[in-house]
Amino acid sequence: MLKTVGQDVFKASLGHTFPKEIWDEVAAHLLRNPIIRRNLDIQYDLSDRGELSNDFLAVSTCWSYMLENLDTVRSIDYPVVAALDRCPDCKYRDRARFVAIEVDGRSLPEDVLRVDETSEAEIQMRTSVKLEPGQRKVVTLKGESVYPSENIIPFSLTDSTINIEVTVAHPIRIGVVIDPLHPREERLRKVPSANPSQTETWRIEGGLLSGHGVVIRWFQRLGA
């Protein structure tokens with residue numbers, strides 16, 4: 001009934017209906033998924049270290065967001081998955097690690113975390129967060145690794161999200177560019193900063209869907 005009503009509404013308002021394959025994706029990933037994220041905050045802190053050459057940076061990361069269960073009846077075990085890139089230089093490959101995984105400010109015990117370090121390209125962490133009907137919880141993930149001074153990180157959302165903000169602190173010799181993974185590129189706005197040469201912030205306000213997000217790129221400035 002939901003599918004039929006939805007198709008009738010679209011046809012009445014738009015003058016057409018979407019193919020079944022498109023409607024099935026909308027229903028599976030949007031209408032039937034009661035979990036949304038709010039205020040996704042992505043922070044990268046890039047720094048020079050004495051033991052690293054100019055070709056590499058020490059990078060601390062922090063991702064934080066609020067999970068909300070829109071379902072008023074069901075409790076849901078929400079899967080939390082995160083990955084950290086390993087440095088392509090084998091000298092620094094083992095520097096990738098998760099520092100803390102927190103829910104509502106409390107660190108999760110190690111016995112509920114599943115960390116996979118078998119890949120040479122990344123380490124991956126998996127856990128789950130239980131959300132009661134209508135409940136909200138804040139998830140914070142912190143990690144660190146060594147990255148090349150020229151690097152691209154695509155950050156694609158897996159769930160519907162309201163508001164995303166990206167902050168990158170970096171040495172003066174490093175430049176940073178953020179590109180939106182969104183058809184309406186004008187929604188990405190740069191936020192004024194007290195020290196724009198070393199700390200920059202970008203924001204997309206409002207709703208974003210699965211597959212939307214940002215591409216974070218940093219590079220060595222010419223002559224640096």
Side-chain angles (χ1 to χ4, degrees), residues 2-3 5-46 59 61-71 76 78-83 85 131 136-141 147 150-170 174-219 221:
L2 176 63
K3 184 180 294 187
V5 171
Q7 290 175 337
D8 289 344
V9 169
F10 274 123
K11 188 171 183 179
S13 60
L14 301 178
H16 65 274
T17 58
F18 290 98
K20 177 180 181 300
E21 294 83 357
I22 300 297
W23 182 254
D24 286 346
E25 284 295 299
V26 171
H29 295 288
L30 183 62
L31 300 181
R32 292 182 188 145
N33 180 12
I35 302 296
I36 65 169
R37 298 187 194 187
R38 293 182 182 271
N39 302 325
L40 172 59
D41 184 32
I42 303 170
Q43 298 181 26
Y44 282 85
D45 189 348
L46 320 180
V59 179
T61 63
C62 180
W63 309 291
S64 179
Y65 51 86
M66 176 183 288
L67 289 175
E68 180 177 2
N69 181 6
L70 300 177
D71 198 306
I76 294 175
Y78 177 83
V80 174
V81 181
D85 292 340
L131 295 163
R136 295 180 176 183
K137 289 184 178 180
V138 175
V139 176
T140 303
L141 306 102
Y147 286 77
E150 308 271 346
N151 199 61
I152 297 175
I153 299 179
F155 200 102
S156 178
L157 301 174
T158 55
D159 296 297
S160 300
T161 300
I162 299 174
N163 302 331
I164 179 173
E165 184 169 288
V166 181
T167 298
V168 183
H170 55 88
I174 298 296
V176 180
V177 174
I178 304 291
D179 294 311
L181 290 173
H182 196 284
R184 291 173 54 196
E185 296 185 0
E186 72 277 3
R187 290 185 59 192
L188 177 68
R189 299 183 183 277
K190 195 166 186 180
V191 180
S193 170
N195 187 11
S197 65
Q198 291 185 271
T199 301
E200 300 177 81
T201 299
W202 294 260
R203 183 181 297 153
I204 299 178
E205 295 183 343
L208 300 101
L209 303 179
S210 175
H212 291 165
V214 293
V215 176
I216 304 168
R217 178 168 62 93
W218 62 74
F219 52 89
R221 298 184 189 274

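These numbers come from the heavy atoms of this one structure, side chains and all, not from hydrogens, waters or symmetry mates. Nothing fancy with the numbering, it's 1 onward along the sequence.
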As an exercise, state the distance from [atom1] of [X] to [atom2] of [Y], rounded to the nearest 0.5 Å.
| X | Y | atom1 | atom2 | result |
| --- | --- | --- | --- | --- |
| Glu68 | Arg38 | CD | CZ | 4.5 Å |
| Arg203 | Leu188 | CZ | CG | 11.0 Å |
| Ile174 | Gln198 | CD1 | CD | 11.5 Å |
| Thr167 | Ile178 | OG1 | CD1 | 9.0 Å |
| Tyr78 | Leu131 | OH | CG | 9.0 Å |

Please report the closest heavy-atom contact between [X] and [Y], naming both atoms and the distance.
| X | Y | value |
| --- | --- | --- |
| His212 | Pro183 | NE2-CD, 3.8 Å |
| Phe219 | Val176 | CE2-N, 4.0 Å |
| Gly206 | Leu208 | O-CD1, 3.5 Å |
| Ser197 | Arg221 | O-NH2, 4.4 Å |
| Thr199 | His170 | N-NE2, 4.4 Å |
| Trp63 | Ala82 | CZ3-CB, 4.1 Å |

| Has the side chain of Arg187 got a donor or acceptor atom that lies under 3.5 Å from a matching backbone atom of Glu205? |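 Confirmed, Arg187 side chain pairs with Glu205 backbone.
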| Counting N and O atoms only, with roles assigned by atom type, does the side chain of Asp45 sit under 3.5 Å from a partner on the main chain of Val59, one being a donor and the other an acceptor? |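 No: the side chain of Asp45 does not pair with the backbone of Val59.
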| task | Among Ile164, Thr161, Leu141, find the one that has a side chain to side chain contact (heavy atoms under 4.5 Å, CB included) with Tyr65. | result |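 For Tyr65, the side chain to side chain contact (heavy atoms under 4.5 Å, CB included) check succeeds only for Leu141.
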Is the shortest heavy-atom distance from the side chain of [X] to the side chain of [Y] under 4.5 Å?
| X | Y | value |
| --- | --- | --- |
| Leu46 | Val168 | yes |
| Ile42 | Glu165 | no |
| Val215 | Ile153 | no |
| Leu157 | Leu40 | yes |
| Leu181 | Val214 | no |
| Val166 | Thr201 | no |
| Val139 | Ser64 | no |
| Val138 | Met66 | yes |

| remark: Checking Asp71, Asp159, Thr158 against Asn33 for side-chain hydrogen bond (donor to acceptor under 3.5 Å, both in side chains), the one that qualifies is Asp159
| request: Just do the side chain to side chain contact (heavy atoms under 4.5 Å, CB included) check on Ile35 and Asn69 with the steps written out, would you? | output: CA-CA 5 Å; Ile35 302 296; Asn69 181 6; 4.0 Å; yes
| task | Fit a plane to each ring of Trp218 and Tyr147, take the angle between them on a 0 to 90° scale, and name the class: parallel (under 30°), tilted (30 to 60°) or perpendicular (over 60°). | result |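 Ring orientation of Trp218 relative to Tyr147: perpendicular.
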| query | Does a donor on one side chain sit under 3.5 Å from an acceptor on the other, for Asp41 and Gln43? | reply | yes
| query | Restricting to pairs with a member in residues 174-184, which pass salt bridge (charged side-chain N to carboxylate O under 4.0 Å, His left out), not counting sequence neighbours? | reply | Arg184-Glu186
